[in-house]
There are 2 protein chains.
Amino acid sequence: MRDVAAEAGVSFKTVSRVVNREGGVSPDLVERVEKAVAALGYRPDHRARLLRRSSTAPATIGFVWIDIANAFFSSVLRGIEEVADTRDCLVLAGSTEWSPERERRLVDALVERRVGGLIVVSSGAAAETLQSEMQRGTPLVFLDLEPGFDVVDLVRTDHRAGAVKATEHLVGGGHTDIAYFGDNLDIFSASERLIGFQTAMGAAGLQVDDKQVITGSHSGDEWREIIRSFFESSEHHPTAIFTTQNFVTLGAVQALHDLDLRSTIAHVGFDDIDLSEAVTPGVSVIPQFPRQLGRRAAEMLFNRVETDNAEPVRVVVEPPLIERGSGEIRPSR
Amino acid sequence: MRDVAAEAGVSFKTVSRVVNREGGVSPDLVERVEKAVAALGYRPDHRARLLRRSSTAPATIGFVWIDIANAFFSSVLRGIEEVADTRDCLVLAGSTEWSPERERRLVDALVERRVGGLIVVSSGAAAETLQSEMQRGTPLVFLDLEPGFDVVDLVRTDHRAGAVKATEHLVGGGHTDIAYFGDNLDIFSASERLIGFQTAMGAAGLQVDDKQVITGSHSGDEWREIIRSFFESSEHHPTAIFTTQNFVTLGAVQALHDLDLRSTIAHVGFDDIDLSEAVTPGVSVIPQFPRQLGRRAAEMLFNRVETDNAEPVRVVVEPPLIERGSGEIRPSR
DNA sequence: GATGCCCTTGACAACGTTGTCAAGAACAGC
DNA sequence: GCTGTTCTTGACAACGTTGTCAAGGGCATC
């Protein structure tokens, strides 16, 4: 900026005025400054600007998510960006890949960059930083997971109700012997879904066999192997399965296809997947609406910027069930 | 920081020393300062820190991409994050959703935030800003697309060679009548793929019928409709199709499935998709390796930070062909 | 021609941090 | 006890910008 001022033969305050279109600068000076700006390729330094300015509207918001490979969160991010874009706001996104350590570091890094707000898919690892940041007045919205401490704003799917719905659907189709494949139970959404499964099974008077509850954190290909060997090895086959995450569902579809069991074993998944209609039979699912969750969370965030003392908002969306064939297979025995 | 200094009864320089673990501070002062930091929930302001510091290693890099809904770019981002993470570097990601206007704004915003480097999937819209930023010495790596001006570092798939390979595969299987479905031609990769298709067709002495080259920018569901009505309406059916982007491939698999043509029409796609093995027949593809492209780009970026005068690097990866069944169907006529 | 007003411009402080340097204390060696 | 060295600490400038205020010039009004 100093260089631009020298080039144009004015003080740097005048440059500042021109760059920010404050007005009150004579036309020829404006022109001289603009020429100098163009000649030197000058860009204002956003950080210094924010440092000085008693800015109100956030120019950057942060998004901390858990798994970059999962299309669910990509769609969430898309929803967030759509809303942020209308406010000329950038999204600083970082994924933790399930590591509490990384969650702490990421949240710290974002807080240190003084983002105007934060949307977090939090395991609760960064609770301390998040809470002190909340006290500083930074808007904070939690998404998908309950972080395990008192939370102001939160948006998520009703994981438990969705799992109940899926299980009831299978039970209603005549299945009494249902296997469960899902994410690690230290993840809030995963444990909620298992609780939903157990609740619905219990309500139907059915027993849950521990050997038929398989949990863990794996890629789609790993799940494919796990589910294939589950069906290959166990003498006792369930007549239906409930897969409670999109990778698990993808793996299960592949595995059942490999074993030519897709028309025999009933299957409902949590989260929608691509090509769910192109396989035979189609994959029945409890879909989530990640893009809308993202939009909703971002709107809540900006809302909190504007109205400081608003009541806490908790949005918990009950998901529907989409029948496509795989969930409607009757038990063969 | 001033508050912390007051609370601990020291000067703020001492606080700075403690926070940055510079050493040379007596143990009891360290303890007092740390207590004050904890009590007040103090976080250093990263922006101010960078403003002062003659820092070398970048703390933030930017990634500008074109389509957040496309899993290809999510994987690229993942690769970038993996590398950035090892350098304690955050990734500021923004998607342009194909809008040149948005590309300009995003690149400007990142430059103004003084990112330490930039990985760009650029249509060329922000050429001016990017070039002046390159002159400022900011490391810059282009990914996937040629932006239409002289470029220093670039990583991409060899779109043309991949398309040639796919087309030759279909031609080699006996097909002479092949339809092409792909992205808008003002996108570099799309036009390259079409050129590859045309080249291989020409080399085989085959004619390309303009009515069988369908291009546009659509979602998977839209492509499903387009391809379904293409096969429903035209009296003349091609015996094979080449779909040159993952959404198009997804749509085509669905559409052919809807019409019960998946075992009749040969099909090769560009970009791999989920469940490509679970459908019948499996989907033959020219896969890209987005995560590796991202890793490669990030490594080049950091490399350029370290060695300033390095030669320009262009990495153009020739993709393989994966046979899964759909591409090996013989023409029925 | 003096006064008052507005319009343009620049000097300076401030934002929150780190780098530089010097002051002061503590200690060792003569 | 004096000198020199080291260790701890703080004062101050600087990073690049914007907010505040005052100075100076031009113009209208009396």
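Just so it is clear: chains get the letters A, B, ... in the order the sequence lines come, proteins before strands, and each one is counted from 1. All values below were derived from every heavy atom in this structure, side-chain atoms included, with hydrogens, water molecules and symmetry-related copies excluded.
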Round to the nearest Å and state the distance from [X] atom [atom1] to [N] atom [atom2].
{"X": "B/Leu50", "N": "D/dC15", "atom1": "CG", "atom2": "P", "result": "15 Å"}
{"X": "B/Arg47", "N": "C/dC15", "atom1": "CZ", "atom2": "P", "result": "13 Å"}
{"X": "B/Arg113", "N": "D/dG16", "atom1": "CZ", "atom2": "C1'", "result": "16 Å"}
{"X": "A/His46", "N": "D/dT17", "atom1": "NE2", "atom2": "P", "result": "12 Å"}
{"X": "B/Asp45", "N": "C/dC15", "atom1": "CG", "atom2": "P", "result": "13 Å"}
{"X": "B/Glu22", "N": "C/dT18", "atom1": "CD", "atom2": "C1'", "result": "8 Å"}
{"X": "A/Arg49", "N": "C/dT17", "atom1": "CZ", "atom2": "P", "result": "21 Å"}
{"X": "A/Asp3", "N": "D/dC15", "atom1": "CG", "atom2": "P", "result": "11 Å"}

| task | Please name the pair of heavy atoms, one in A/Arg304 and one in A/Pro139, separated by the smallest distance, quoted to 0.1 Å. | result | CB-CB, 4.1 Å
| note | Note: A/Arg49 and A/Pro44 closest approach over all heavy atoms is NH2-CB, 3.3 Å
| query | Could you state the interatomic distance from CD1 (B/Ile119) to CZ (B/Arg296), rounded to the nearest 0.5 Å? | reply | 13.0 Å
| query | Are the charged groups of A/Glu97 and A/Arg102 less than 4.0 angstrom apart, N to O? | reply | no
| Do NZ/NE/NH1/NH2 and the carboxylate oxygens of A/Glu133 and B/Arg43 come within less than 4.0 Å? | no
| said: Looking at B/Glu299, is its backbone amide N or carbonyl O close enough to the side chain of B/Asn303 to form a donor-acceptor pair, meaning the two atoms are under 3.5 Å apart? | reply: no
Set out, line by line, the N/O atom pairs under 3.5 Å between protein and nucleotides 8-14 of chain C.
unit_1: C/dT9; atom_1: OP1; unit_2: A/Ser26; atom_2: OG; d: 2.9
unit_1: C/dT9; atom_1: OP2; unit_2: A/Ser26; atom_2: N; d: 2.8
unit_1: C/dT9; atom_1: OP2; unit_2: A/Ser26; atom_2: OG; d: 3.3
unit_1: C/dG10; atom_1: OP2; unit_2: A/Ser11; atom_2: N; d: 3.2
unit_1: C/dG10; atom_1: OP2; unit_2: A/Ser11; atom_2: OG; d: 3.3
unit_1: C/dG10; atom_1: OP2; unit_2: A/Thr14; atom_2: OG1; d: 2.5
unit_1: C/dG10; atom_1: N7; unit_2: A/Arg17; atom_2: NH2; d: 2.6
unit_1: C/dA14; atom_1: N3; unit_2: A/Arg52; atom_2: NE; d: 2.5

| field | Nucleotide nearest A/Ala48 when distance is taken to its side chain, options C/dT18, D/dG16, C/dT17 | value | D/dG16
